[in-house]
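Scope of the values below: all heavy atoms of this structure, side chains included, with no hydrogens, waters or symmetry mates. Owing to the predicted nature of the structure, the values given are computational and were not obtained by experimental measurement. Throughout, numbering of the chain's residues begins at 1 and tracks the sequence.
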Amino acid sequence: MKRQWDATELVEHFTLMPEEMVLLENKSEDNSLGFAVLLKFFQMEARYPRSKQEVPKQVVSYIAQLLGVSSKLFKEYSFSGRTFERHRAEIRSFLGWREFTVEDASEFTNWLCEKVLVYERQPNALEAGFYQRLRELKLEPPTPERIERLIRSAVKTTEKKFCTGIFKQLSFETLRKMDTLLKTRDDLDDDQNQFKQSVFNFLKQDPGRTSLKSILKEIEKLLCIRDLGIPTKLFANVPPKIIAHYRRRASVETPRELRRHPASIRYTLVAAFCSCRSQEITDSLVELLVQIIHRIYVSAERRVKTQLIEEFKRVDNKPRLLYEMARETLAHPEELVKDVVYPVVSPTTLEAVVKEYKSNGNIYEQRVYTVMRSSYLHHYRRMVPQLLSTLDFCSNNNVHRPVIKALELLKRYQDSNQRYYALGEELFIDGVLKNDWKNLIVEIESDGRERINRVNYEICVLQTLRDRLRSKEIWVVGAKRYCNPEEDLPQDFDIHRETYYQAIGQPLEAEKFITTLQQEMTDALTMLDKGMPKNTKVKIQEKNNGWIKVSPLEAQPEPINILHLKREIDQCWFMTSLLDILKEADLRIGFTNHFKNTGIRSNLERDILQRRLLLCLYGLGSNTGLKRICAGIDGDKETDLRYVKKHYIHREHLRNAIAQVVNATLSARKTAIWGEGTTSCASDSKKFGSWDQNLMTEWHIRYGGRGVMIYWHVEKKSACIYSQLKTCSSSEVAAMIEGLLRHCTDMKVKKNYVDTHGQNEMAYAFCRLLGFDLMPRIKRIGEKKLYLPFPDQKQNYPNLQPVLTKAIDWELIRQQYDQMIKYATALRLGTAEADTILKRFSAKALQHPTQRALNELGRAVKTIFLCRYLHSEALRREINEGLNVVEQWNGANSFIFYGKNSEIATNRLDEQELSVLCLHLLQMCLVYINTLMIQRVLADPVWMKRMTPVDLRGLTPLIWGHVNPYGTFKLDMNERLELDVA
């Protein structure tokens with residue numbers, strides 16, 4: 001039950017009805033209050049409170065006020081004994097519920113096995129489903145310990161049945177190879193054993209940085225998994241959550257731990273792990289291929305540019321030099337060039353003229369291609385035969401079939417040493433090569449015949465393949481991110497079409513959708529046009545074919561009492577340890593309950609586990625590491641913390657814990673201080689340095705240096721609802737959409753503020769379809785244009801003439817409306833990542849019809865927003881204030897994530913993500929505790945009276961002047977280091 005309730009909620013949920021008041025007759029005051037609290041709590045939660053502290057004080061006070069008694073009497077009410085049992089029986093009888101029996105336990109176990117565990121294995125979800133089922137059947141919940149035993153029994157029964165079924169589908173040869181996979185010893189001739197890395201641990205490793213070595217290593221892993229002979233459809237009918245559960249269990253266990261399992265469980269874990277790793281490795285191979293092809297061209301271009309800059313020397317007065325050369329040549333036609341021309345124009349100057357001509361001509365592209373050819377021929381070409389024999393490329397579009405045929409041609413010639421393709425060989429040019437590429441692959445022999453150079457053709461085919469892979473026009477069998485694009489869409493869309501439309505709140509008829517949008521465009525353009533004469537902050541100018549000029553926002557008055565409030569907090573809680581803040585948040589919220597063992601049961605006592613979890617979360621979230629954390633803690637060793645981290649701390653657990661802290665923060669806020677609940681959040685990214693032997697780390701073009709990006713979604717009062725680890729070159733638009741859809745908090749987001757990089761026409765379109773208002777801060781607004789709803793309406797807006805452009809193509813939107821809804825549904829359901837869909841719609845040439853329709857829709861929505869943005873200074877200020885909040889959140893990152901120079905010091909992608917999520921959790925705990933501290937200070941009427949509206953507007957719980965993130969230092973002058981020899 002949430003801790004904070006406003007007056008309206010108390011009246012709605014905790015008011016005693018007349019028939020309920022009858023139950024309180026003939027009861028003493030303390031029993032009446034205790035009975036009433038139990039009754040209303042049971043009606044809300046379908047269970048009784050486990051302790052008095054679980055009931056919010058506001059609820060007790062409200063019910064006591066209804067009964068006309070003191071709320072202190074609740075402390076005297078006993079939660080044990082005959083009176084308590086009699087009250088429970090009365091409540092059951094009144095509500096029509098009954099006790100949980102042995103027969104119910106058996107039925108619930110069967111229900112869990114047949115209906116729930118088939119799709120879900122997370123303990124928290126199972127427990128929530130159990131309580132929901134009890135509510136539906138009106139059964140009083142048994143003790144939490146009994147519920148845990150029943151769930152554990154059902155899980156064990158289901159797992160035994162599931163693993164036995166998987167085990168029976170594996171051949172003897174596959175089982176033998178799996179055993180070899182888990183070996184960590186070599187049998188030597190002298191009967192002595194030597195430890196080695198198991199193949200299983202080799203398969204766990206992430207790919208290194210983009211290089212030929214990484215590609216060959218990933219191919220070796222993929223071939224190793226395929227050699228096991230695991231049936232392709234082994235997990236065909238198993239939900240992805242169940243496969244991920246077993247994959248997670250296998251990934252955290254050592255080969256020795258896996259060998260100790262019963263055979264059916266052991267082989268199921270290995271099979272699930274290898275099945276998932278096969279998809280991940282295939283994705284990594286495609287990613288490496290795409291990046292290497294790009295690197296070959298970029299490196300060649302960089303080298304050629306450097307050479308040209310060194311060679312380039314601009315020659316002045318060329319007409320004068322030409323005149324002098326012509327004069328001397330005509331005057332001495334019979335003499336040698338070196339005797340006539342060189343005295344007038346030196347050989348150095350003539351060489352500079354030649355180089356200048358070459359640098360300005362088509363020779364540039366040829367030189368780039370020459371360097372590319374050399375790099376590919378002498379180094380990267382070794383990967384092509386193995387890639388073509390390992391990966392199976394496909395396409396659903398006949399337009400791209402020539403590329404598939406070209407790849408088959410490359411595969412046929414992979415063992416040949418010929419320079420040219422055989423005469424008469426069918427070569428694929430159209431649809432594979434660009435128009436200006438043909439002259440790069442054709443060579444003329446001495447007899448005048450044209451021949452196709454194999455190396456040059458391979459380079460062109462691979463470059464085209466890269467573009468098609470990124471847009472998923474060509475896909476790879478066995479991949480996950482680069483799978484068949486048809487699998488990204490909901491397969492039952494045609495069957496449940498009406499349901500999917502209702503889920504995103506869009507009309508079934510395209511005409512209704514278009515009519516609404518046309519009316520909004522007309523209203524927005526009319527509003528802006530009529531308001532322009534009085535709009536002193538916005539000017540529309542004729543220059544540059546229409547230019548929009550917006551005056552900067554004026555500075556807001558500075559809050560005068562915020563500094564005094566911070567000083568008061570510093571005095572009350574001087575240098576509070578960040579670890580104590582994390583601990584206090586857990587004791588109040590209990591977020592560590594989300595961290596469950598990946599196995600079936602845990603042998604650690606709850607108190608010990610909670611302590612070690614907090615130490616691990618702090619060590620990861622502050623980036624100090626587990627080893628340094630143990631230095632000042634007695635009783636907890638580094639090995640203990642590493643065990644807890646390995647078996648208990650995972651991405652899903654952290655996201656659930658973060659959501660619980662965010663929800664607790666939102667419910668703890670007092671309306672008088674923080675205002676009404678908001679539906680707006682801002683999103684932006686921050687660069688962190690990181691180790692670079694992985695595919696996640698990239699060089700950042702704007703900020704410089706290698707690193708990764710963390711993309712945050714922060715609401716207006718500094719509660720971060722979602723975080724993502726992204727590459728530096730990844731789409732901010734995709735990250736923005738992903739965060740709006742995937743956050744699991746109670747916040748209902750309707751508006752999202754982004755910076756310029758977080759918006760484009762595709763972003764406007766998808767946000768409109770998904771029911772979000774995208775509100776960006778646009779830096780280069782001067783060159784923006786406004787689209788018209790209809791072609792003949794330009795004269796209707798005389799004040800906007802310079803910036804008006806063509807009309808929206810509504811017919812295209814009408815034709816592709818169903819497809820657009822289908823892609824929006826795929827984003828909502830998570831059948832495809834936002835980044836995957838946006839990459840598919842990133843092509844500039846050969847645009848997909850749905851892509852062109854989404855662009856048209858985005859232009860219409862963008863026009864509506866621009867009209868509102870230009871018309872309202874308040875809206876521009878609102879967006880700016882929202883983005884200032886996320887900038888402040890970014891500023892606090894380095895204060896908390898201070899260890900190791902704020903660099904993510906690991907190459908493992910899963911550990912990088914754990915560090916990011918632990919930072920998110922730690923910073924949210926700081927916001928939660930600061931919220932309570934501020935409310936504690938402002939509970940004093942004197943302080944609250946001092947706060948002006950300007951102060952409350954600028955109030956934020958993201959402050960850290962009173963926090964000590966570094967721990968406690970002890971100095972004992974009587975202790976010495978043992979340095980001398982005894």
Test Ser690 against Thr697 for side chain to side chain donor-acceptor pair (under 3.5 Å), laying out the working first. CA-CA 7 Å; Ser690 65; Thr697 303; 2.8 Å; yes
What's the verdict on side chain to side chain contact (heavy atoms under 4.5 Å, CB included) for Leu654 and Glu913, showing C-alpha distance, side-chain angles and the deciding distance? CA-CA 10 Å; Leu654 280 164; Glu913 189 166 11; over 6 Å; no
Should Phe766 and Phe772 be marked as a ring pair (Phe, Tyr, Trp, His ring centres under 6.0 Å) after you check the CA-CA gap, both sets of side-chain angles, and the distance that decides it? CA-CA 9 Å; Phe766 276 118; Phe772 302 112; over 10 Å; no
Mind running side chain to side chain contact (heavy atoms under 4.5 Å, CB included) on Asp755 and Lys779 for me, showing each step along the way? CA-CA 8 Å; Asp755 223 328; Lys779 292 182 180 178; 3.8 Å; yes
Decide yes or no on salt bridge (charged side-chain N to carboxylate O under 4.0 Å, His left out) for Glu903 and Lys900, but give the supporting numbers first. CA-CA 6 Å; Glu903 181 181 63; Lys900 302 168 188 173; over 6 Å; no
Derivation of the side chain to side chain contact (heavy atoms under 4.5 Å, CB included) call for Lys583 and Tyr618: CA-CA 10 Å; Lys583 175 196 68 177; Tyr618 180 80; over 6 Å; no
Between Met532 and Val538, is the side chain to side chain contact (heavy atoms under 4.5 Å, CB included) condition met? List the steps. CA-CA 8 Å; Met532 283 305 299; Val538 177; 4.2 Å; yes
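Side chain to side chain, Asp586 and Thr592 meet the donor-acceptor criterion of an N or O pair below 3.5 Å. Residues Gln935 and Trp674 have side chains that bring a donor and an acceptor to within less than 3.5 angstrom of each other. Using a 3.5 Å distance cut-off with no hydrogens or angles, the side chains of Ser683 and Asn752 do pair a donor with an acceptor. Side chain to side chain, Asp523 and Gln519 meet the donor-acceptor criterion of an N or O pair below 3.5 Å. With no hydrogens or angles considered, no side-chain donor-acceptor pair links Ser902 and Ser894 at under 3.5 Å. For the residue pair Glu698 / Ser729, a side-chain donor-acceptor distance below 3.5 Å is found, with atom types taken as modelled. Looking only at atom types and distance, the side chain of Ser718 has a donor-acceptor partner in the side chain of Thr956 under 3.5 Å away. Under the 3.5 Å distance criterion, with hydrogens and angles disregarded, no donor-acceptor pair is assigned to the side chains of Thr526 and Asp529. Judged by distance alone, the side chains of Asn930 and His962 do bring a donor and an acceptor atom under 3.5 Å apart. Side-chain contact annotation: Glu878 with Tyr753, donor-acceptor N/O pair under 3.5 Å present. Residues Asn893 and Gln923 bring a donor and an acceptor atom of their side chains to less than 3.5 Å of each other.
Between Met521 and Val861, the closest side-chain pair of non-hydrogen atoms is not below 4.5 Å. In this structure the side chain of Ile540 never reaches within 4.5 angstrom of the side chain of Gln801, judged on heavy atoms. Using a 4.5 Å heavy-atom threshold, the side chains of Asp684 and Val754 count as separate. Side chains of Ile808 and Phe790 form no contact here, defined as non-hydrogen atoms less than 4.5 Å apart. In this structure, the side chains of Asn890 and Ile710 stay at 4.5 Å or more apart for every pair of heavy atoms. Side-chain atoms of Leu525 and Met527, non-hydrogen and from C-beta on, never get closer than 4.5 Å to each other. Proximity of Glu761 to Glu856: side-chain heavy atoms (C-beta onward) are nowhere separated by under 4.5 Å. Counting heavy atoms from C-beta on, the side chains of His743 and Val749 come closer than 4.5 Å.
The pair Asp570-Lys566 does not count as a salt bridge, with every side-chain nitrogen at least 4.0 angstrom from each carboxylate oxygen. The existence of a salt bridge linking Arg669 and Glu676 is excluded, since no basic side-chain nitrogen approaches an acidic carboxylate oxygen closer than 4.0 Å. The existence of a salt bridge linking Arg877 and Glu881 is excluded, since no basic side-chain nitrogen approaches an acidic carboxylate oxygen closer than 4.0 Å.
Looking at Tyr711, Trp712, Tyr703, Phe897 one by one, the single match for ring-ring contact (aromatic ring centres under 6.0 Å, His included) with Phe688 turns out to be Phe897.
Within 6.0 Å of the CZ atom in Arg936, the count of heavy atoms belonging to other residues, nucleotides or ligands does not exceed 12. In the displayed structure, Arg780 atom CZ is contacted under 6.0 Å by at most 12 heavy atoms of other residues, nucleotides or ligands. Within a 6.0 Å sphere centred on CG of Asn545, heavy atoms belonging to other residues, nucleotides or ligands number 12 at most.
Between the side chain of Gln506 and the backbone N or O of Arg768 there is at least one donor-acceptor pair closer than 3.5 Å. In this structure, the side chain of Asp940 engages the main chain of Val942 through a donor-acceptor pair within 3.5 Å. For the pair Glu715 (side chain) and Cys681 (backbone), a donor-acceptor distance under 3.5 Å is absent. Of the possible polar contacts, none joining the Tyr869 side chain to the Arg876 backbone as a donor-acceptor pair under 3.5 Å is found. No side-chain donor-acceptor contact under 3.5 Å links Glu732 to the backbone of Gln759. Asn623 contributes no side-chain N or O that, together with a main-chain N or O of Leu620, makes up a donor-acceptor pair within less than 3.5 Å. Within the 3.5 Å criterion, the main-chain N or O of Lys726 finds no donor-acceptor partner in the side chain of Ser730. Of the possible polar contacts, none joining the Asn880 side chain to the Leu883 backbone as a donor-acceptor pair under 3.5 Å is found. Without hydrogens or angle criteria, His920 side chain to Cys720 main chain gives a donor-acceptor distance under 3.5 Å. Counting only distance, with no hydrogens or angles, the side chain of Thr576 and the backbone of Trp573 share a donor-acceptor pair below 3.5 Å.
Of all the heavy atoms in Leu952 and Lys717, the pair that sits closest is O-NZ, 3.5 Å. Closest non-hydrogen pair, Pro776 versus Leu774, comes out as CD-O, 3.5 Å.
Using a 30° and 60° split on the angle between ring planes, Phe865 and Tyr764 fall in the tilted class, from 30° to 60°.
Both tests hold for Arg655 against Tyr722: distance to the six-membered ring centre under 6.0 Å, angle to the ring axis within 45°.
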